[in-house]
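Take a look at the structure below.
These numbers were taken from a predicted model, which means no experiment stands behind them. All chains are named by letter (A, B, ...) in the order of the sequence lines, taking the proteins before the strands, and each is independently numbered beginning at 1.
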There are 2 protein chains.
Amino acid sequence: MSGEGTRNAKVPMKEHFGNYMLPIKDALEIFSGKWKIPIITALNFYEKCSFKELERIVEGITPKMLSKELKFLEENMLIAREVKDTRPVTVEYSITEYGKTCRSVMTELYRWGIEHRKKFFNTEEAETWGKGKC
Amino acid sequence: MSGEGTRNAKVPMKEHFGNYMLPIKDALEIFSGKWKIPIITALNFYEKCSFKELERIVEGITPKMLSKELKFLEENMLIAREVKDTRPVTVEYSITEYGKTCRSVMTELYRWGIEHRKKFFNTEEAETWGKGKC
DNA sequence: TATAGTAGTATACTAAAGTATAGTGATATG
DNA sequence: CATATCACTATACTTTAGTATACTACTATA
């Protein structure tokens with residue numbers, strides 16, 4: 001990255017930058033919006049959850065949004081949905097192996113968020129949990 | 001993370017999860033939307049850019065959105081704005097030291113996006129640039 | 001029989017995000 | 001003098017994201 005950042009380099013930078021942005025844009029499509037990352041994070045944390053549990057864990061989400069985002073995440077193979085033969089019927093949402101690959105992204109966001117919090121709120125409170133491992 | 005993911009642990013999980021989500025939500029507030037990450041990535045790549053250059057580099061952005069997002073990023077100290085005494089006047093936007101800390105996040109998104117692309121489009125094309133270093 | 005819990009869906013709405021298009025005021029260039 | 005570049009701003013609009021509220025169908029429990 002550093003040193004390549006001038007516009008007079010031999011190879012057109014725009015091409016390099018485009019190549020770099022392309023997968024980032026792919027990732028953003030998956031993670032965009034208010035709820036996808038919280039849901040993925042929750043399922044990475046708890047491994048398995050029912051619909052109602054997710055409704056409680058992901059604070060503030062409405063059933064409509066939860067339902068919609070779960071469908072999206074299932075289509076993208078990040079989570080799995082299994083209807084359990086219980087009474088009343090429960091549905092188990094679980095993180096897939098593929099979904100677990102998101103952990104590296106969440107961890108980076110977590111680390112960055114910790115530092116941001118230190119910088120802007122001048123507090124280390126948030127550091128009490130996890131220390132960015134996970 | 002693994003092994004702690006049961007709801008029967010001694011300490012209420014919700015509290016743990018909340019502590020984990022808090023900085024992630026902080027980070028999401030900064031990175032949310034269609035344009036912030038592309039702009040930050042561009043300035044991390046080129047180090048310095050004028051308004052017009054950014055308009056060209058960040059493909060598809062309108063001057064209104066660019067202006068709005070640049071203001072936001074400046075307020076959050078990720079970028080700096082300097083009016084140059086040239087004719088016509090140019091404005092130099094540059095990444096700050098703090099803005100450079102975002103690179104770890106972008107790099108993770110890049111890596112994840114590469115793998116996602118492999119999985120979903122079955123192509124390794126995107127791997128031609130950078131190999132996730134940067 | 002009333003109440004509560006399961007997993008959602010339906011409808012209507014608001015608010016935010018983003019787009020499209022044009023224009024400003026300064027200065028320089030042909 | 002006409003045109004172009006710079007850094008934006010203004011206005012109006014559309015689209016999407018998200019909210020609020022109510023409801024369905026099923027089963028269990030008091």
Heavy-atom side-chain proximity of A:M21 to A:I24 below 4.5 angstrom: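 Sidechains of A:I24 and A:M21: in contact.
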First and last nucleotide of DNA chain C, 5' to 3', lying under 4.0 Å from heavy atoms of chain B: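 The protein-touched segment is C:dG18 to C:dA28.
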Check the distance between [N]'s [atom2] and [X]'s [atom1] and give it to me in whole angstrom.
{"X": "B:E69", "N": "D:dA7", "atom1": "CD", "atom2": "P", "value": "18 Å"}
{"X": "B:M65", "N": "D:dT16", "atom1": "CE", "atom2": "C1'", "value": "13 Å"}
{"X": "A:L66", "N": "D:dA17", "atom1": "CG", "atom2": "P", "value": "17 Å"}
{"X": "A:E29", "N": "D:dA17", "atom1": "CD", "atom2": "P", "value": "11 Å"}
{"X": "A:L28", "N": "D:dA17", "atom1": "CG", "atom2": "P", "value": "14 Å"}
{"X": "A:K64", "N": "D:dT24", "atom1": "NZ", "atom2": "P", "value": "19 Å"}

Carboxylate-amine/guanidinium contact [X] [Y], below 4.0 Å:
{"X": "B:R117", "Y": "A:E29", "value": "no"}
{"X": "A:R56", "Y": "A:E53", "value": "no"}
{"X": "B:E74", "Y": "B:K71", "value": "no"}

Positions of residues 73-93 of chain A (non-hydrogen atom under 4.0 Å from DNA chain D), listed by number: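 Heavy-atom contacts with DNA chain D come from A:R87.
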Sugar-phosphate, base or nothing in reach of A:K36, heavy atoms under 4.0 Å: nothing
Pairing residues for B:F31 by the ring pair (Phe, Tyr, Trp, His ring centres under 6.0 Å) criterion, not counting sequence neighbours: A:W112
For B:F120, ring pair (Phe, Tyr, Trp, His ring centres under 6.0 Å) partners two or more places apart: B:H116
Salt bridge (charged side-chain N to carboxylate O under 4.0 Å, His left out) partners of B:K34, counting only residues at least two apart: none
Set of residues satisfying side chain to side chain donor-acceptor pair (under 3.5 Å) with respect to A:E69, sequence neighbours excluded: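 A:E69 satisfies side chain to side chain donor-acceptor pair (under 3.5 Å) with no residue once adjacent residues are dropped.
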First of A:K71 and B:I61 reached from the 5' end of DNA chain C, by closest nucleotide: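 By nearest-heavy-atom nucleotide position, the 5'-most residue is A:K71.
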Verdict with reasoning, A:L43 to A:L54, per side chain to side chain contact (heavy atoms under 4.5 Å, CB included): CA-CA 8 Å; A:L43 281 170; A:L54 281 169; 4.2 Å; yes
